[in-house]
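Numbers for residues simply follow the sequence, beginning at 1. Note that the structure is a prediction, hence the values are computed from the model and not measured. Indexing begins at 1, ligand by ligand and atom by atom, following the structure's order.
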Amino acid sequence: MKYIIGIGGVTNGGKTTLTNRLVKLLPNCCVIHQDDFFKPPDQIEVGADGFRQWDVITALDMEAMVNTVKGWIENPVKFARSHGVRLSPTVELEDQEKQTHILIVEGFLLYNYKPLVEVFDKCYYISIPYEECKRRRSTRQYTVPDPPGLFDGHVWPMYLKHRKEMEECCLNIEYLDGLKSKDEIFNQVFQDIQNTLSKQNFKYSRSSLPISLQEDTSQWNSLLFTMIKLIFLIFILIHTWVDFSTGQRQLRARAGPWRHKVQWESNGQVYSLLTTGSQYHPAVQSRRGTQFFLTKQRALGSARMQNASRASDLESRPRRQHPNSVDSSLSPLSRGSVTVLRSDAGSRRMANSLISGNRNQRYLASFRREALAVNTTDPSTNYVLHGASGVQTLPQEYSGNDGSRGQRSHEDPVTAAVRVQTSSPQDNAEITTDHSDMETQGVNLPLNGSKTESNTEDVAQPSPSVERDATVGDATVVPTVFPPAASYNITEEDAQQINPENTTNDNSQSKDHRNSVFHNVYPPSGRMRSPALPPPASGYGTRYFHNGLPDLIPDPYYIQAASYIQRVQMYALRCAAEENCLSRSAYSPSVRDLDYRVLFRFPQRVKNQGTADFLPVKPRHEWEWHSCHQHYHSMEAFSNYDLLEISTERKVAEGHKASFCLEDTNCDPGVRRRYACTAHTQGLGPGCYDIYHANIDCQWIDITDVPPGNYILKVTVNPTFQVEESDYSNNVVRCDVRYTGPYVHVRNCRITG
Ligand SMILES: Nc1ncnc2c1ncn2[C@@H]1O[C@H](COP(=O)(O)OP(=O)(O)OP(=O)(O)O)[C@@H](O)[C@H]1O
Ligand SMILES: NC(=O)c1ccc[n+]([C@@H]2O[C@H](CO)[C@@H](O)[C@H]2O)c1
């Protein structure tokens, strides 16, 4: 049985407050928030009144919203699971027919869009008078804060207009007085839902609904039977848990082939990868003297010791790793001999993507794609996939090192689609963007739509505007030679000049090959093959946009769209350690390579909305080469990540400078990509976006030492103002973070200046 409830009403009427309370008490209840289907700010029309028209139906991606509702109708169990909604245990055991599933759709413009109106079984509408509405609204901080005069100039007039239209439509709506207390409103609605459901003979489990329904003896018998099945289920779960918790200890005690097990955890789900052990080469001290976390106290026997010496050998030999692949020593998946990948947790829930809290099916595709993209550079690689409960699984970010910022993939969407198809519906992170009080979280299932629209286009599918010509593409032109020490950036045209044949030097033995270990050892002049380029002009040589100033703006929607927790073992974090992406405790000598770090991962998208290129401060010859990630660092700090205490804004996790490689990952329609990290041209042109997916290396805060609680995530771009911008007030995004241990809920991301 499916029951869809609409909770509409005026802004700040108390829709979200009511919804959150209902969700907690109604069984198998999912929520869709209309606010999560707002289009991104730059797609919101500016009216003749000068205001962005937020309060009209075209500001929302209603098609996506309706599709999301349809997704629930098609399969509420799958939907609930994929959005992290806890289902009552009986759902697993009962007939589909007997199950009750409830969907609450909450929003300010629910009853003005016909395709949506048609789905409701029950419509509520909360209203409050003008003064109260204005008062409550003034206390609110939306993702995009209200400019002065918006309420009187746009919000309230639009509310009156829409309400009139709705009333003329003769819908059967139950009006609620939003001036009543929260309790009163809740009791009224809850009672009403109960009555309706019992009238319709909906059957609830007694434990999940706090009213007793008429039950006969046969129902009691069935309940008893269900209880027995439940106890059995709990027994199995405990057994599995005990097995797992002892797993790591056993692993340490054993040695030899097949004993090496890569384990990681994403949003509460544990994954593991068994390898022959031959793929793993322990890290050695880095050239830069970074202290490594790999401990010498490993008790893994002689097989490992051999590996260790092999690793040292490797360090002194040319490393022939494609820069777009992960370090093979850390990446069993990128080699041919990978053997077993399995999901210990059975039905695996993947970390990226859609979310309880941030909600849109189209996001789902894009982030799943991202999550599922495995860096398999070797086509001969075979995978054997096991799902403990028969659920098909694919490797996601099997380690912390699935890709660096220099290795951002622009994956073929077809491949992506295929991968998405093979994923299970459970492959979703639990991310909440609900803007209500953090305590009232419940089992929200927000599906962020608005954000979705643009992000999907930007991430999941190649934007029509993006010109993916060979000179900028990841795999084609990479200048195999470098200009002499000079203070300029190489633009796409420069790259062409340097490598006029537009070919890649494929001889990996050559010292000029970009992957050659000699590449960084020889002075740049030794690698010079092209005529010297003209001396730098001011502005580091860009010939495109050097008038005006750049203006970076981080995308708040992007951050909250795909945040999750990942637990990764130390030895899979070698590059990260080298880049100082871990907190101090990771470098303690007592830390073993099988110990876990807890990583709070999130994506980032930064736009240059200014009128000039954002260019690295350092001249090119001063860029620092990071061999682990195979890219240059062109400025001291491009972006900082911090986790703060809410009241004092004190840092609770040692933030770190985000690893980065500036590039035009994507551009607005009509704007050409000119900077590509893989072509060693770093910069961000006006109208372009520098995108960092949540599953790349170092795209996190190491929160191993942070206790569960509520925090603020602070993301700052151009934190030290090294590069001049026209506006620094939009460089910081703050988000509300609720960290529960296995999960993190990121909400209310906003630009805070
Ligand atoms: N019955 C009530 N009495 C007094 N204050 C209330 C009541 N219900 C909600 N509020 C307060 O009003 C504010 C807005 O509530 P809420 O977020 O639930 O509204 P909303 O209708 O979802 O708004 P919007 O659609 O604009 O997001 C909050 O500060 C909330 O605490
Ligand atoms: N959620 C948002 O992105 C957003 C941005 C700007 C304004 N709003 C307001 O939200 C209300 C509905 O809940 C509307 O009145 C919008 O003005 C929301």
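- Under 4.0 angstrom from ligand 1, there are no non-hydrogen atoms of I126.
- Contact annotation for R750 and ligand 2: no heavy atom of the residue comes within less than 4.0 Å of the ligand.
- Geometrically, ligand 2 and D35 share a nitrogen or oxygen pair separated by less than 3.5 Å.
- Using a 4.0 Å cutoff on heavy atoms, G9 does not count as a contact of ligand 1.
- Under 4.0 angstrom from ligand 2, there are no non-hydrogen atoms of F51.
- A side-chain donor-acceptor contact under 3.5 Å links D727 and S729.
- Close N/O approach between W54 and ligand 2 is not found [any backbone or side-chain N/O within under 3.5 Å].
- Between D183 and R21, at least one side-chain nitrogen of the basic residue sits less than 4.0 Å from a carboxylate oxygen of the acidic one, meeting the salt-bridge criterion.
- Side-chain atoms of D551 and N730 include a donor-acceptor pair closer than 3.5 Å.
- The option with the heavy atom closest to atom 14 (C) of ligand 1, from among N12, I7, D183, is N12.
- Taking every heavy atom of Y557 and a limit of under 4.0 angstrom, the matching atoms of ligand 2 come to 3 (O).
- V10 counts as a contact of ligand 1, since one of its heavy atoms falls under 4.0 Å from the ligand.
- Side-chain atoms of T11 and Y142 form a donor-acceptor pair, as typed in the model, at a separation below 3.5 Å.
- Using a 4.0 Å cut-off to heavy atoms of R137, the atoms of ligand 2 that qualify are 9 (C), 11 (C), 14 (C), 15 (O), 16 (C), 17 (O).
- Within ligand 1, counting atoms from 1 as listed, the ones closer than 4.0 Å to a heavy atom of T16 are 17 (O), 18 (O), 20 (P), 22 (O).
- With rounding to the nearest 0.5 angstrom, the CG atom of L22 is 7.0 Å from the SG atom of C29.
- Inclusion of F108 in the set of residues having an N or O under 3.5 Å from an N or O of ligand 1 is not warranted.
- Evaluated by nearest non-hydrogen atom to atom 15 (O) of ligand 1, the leading choice among T11, T17, D35 is T17.
- Aromatic ring centroids of Y130 and F151 lie under 6.0 Å apart.
- Within the listing of ligand 2, atoms 12 (C) sit less than 4.0 angstrom from a heavy atom of F108.
- For atom 10 (N) of ligand 1, the nearest non-hydrogen atom from the set R21, K182, E106 belongs to K182.
- In this structure, R137 falls outside the shell of residues with a heavy atom less than 4.0 angstrom from ligand 1.
- The shortest N or O to N or O distance between I185 and ligand 1 is not below 3.5 Å.
- Atoms of ligand 2 lying under 4.0 Å from at least one heavy atom of V144, given by number and element, are 6 (C).
- Atoms of ligand 1 lying under 4.0 Å from any heavy atom of S181, numbered from 1 in the order shown and given with element: 1 (N).
- One option in N748, L109, D55 has a heavy atom closer to atom 17 (O) of ligand 2 than any other, and that option is D55.
- Under the 4.0 Å criterion applied to side-chain N and carboxylate O atoms, K161 and D55 are not assigned as salt-bridge partners.
- Nearest to atom 1 (N) of ligand 1 by heavy atom, out of Q34, K180, E184, is K180.
- At a heavy-atom distance under 4.0 Å, atoms from both the backbone and the side chain of K15 approach ligand 1.
- Here Y175 pairs with Y125 under the ring pair (Phe, Tyr, Trp, His ring centres under 6.0 Å) rule; sequence neighbours left out.
- Ring-centre distance between Y558 and F602: not below the 6.0 Å cut-off.
- Residue-ligand proximity, Y142 to ligand 1, at heavy-atom distances under 4.0 Å covers atoms 24 (P), 26 (O).
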Item checked: Stepwise side chain to side chain contact (heavy atoms under 4.5 Å, CB included) test for M62 and Q34 -> CA-CA 8 Å; M62 290 305 292; Q34 189 175 37; 3.5 Å; yes
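- Side chains of T58 and Q53: no donor on one and acceptor on the other come within 3.5 Å.
- Below 3.5 Å of separation, one finds no N or O of D146 facing any N or O of ligand 2.
- Contacts between F186 and ligand 1 below 4.0 angstrom, taking non-hydrogen atoms only, are absent altogether.
- Using bins of under 30°, 30° to 60° and over 60° for the plane-to-plane angle, the ring pair Y692/F638 lands in the tilted bin.
- Using the six-membered ring where Trp is involved, F190 and F186 have ring planes that are parallel, under 30° apart on the 30 and 60° scheme.
- Aromatic pair F600/Y739: centroids not less than 6.0 angstrom apart.
- Scanning for disulfide (SG to SG under 2.5 Å) contacts around C133 gives an empty result, with sequence neighbours left out.
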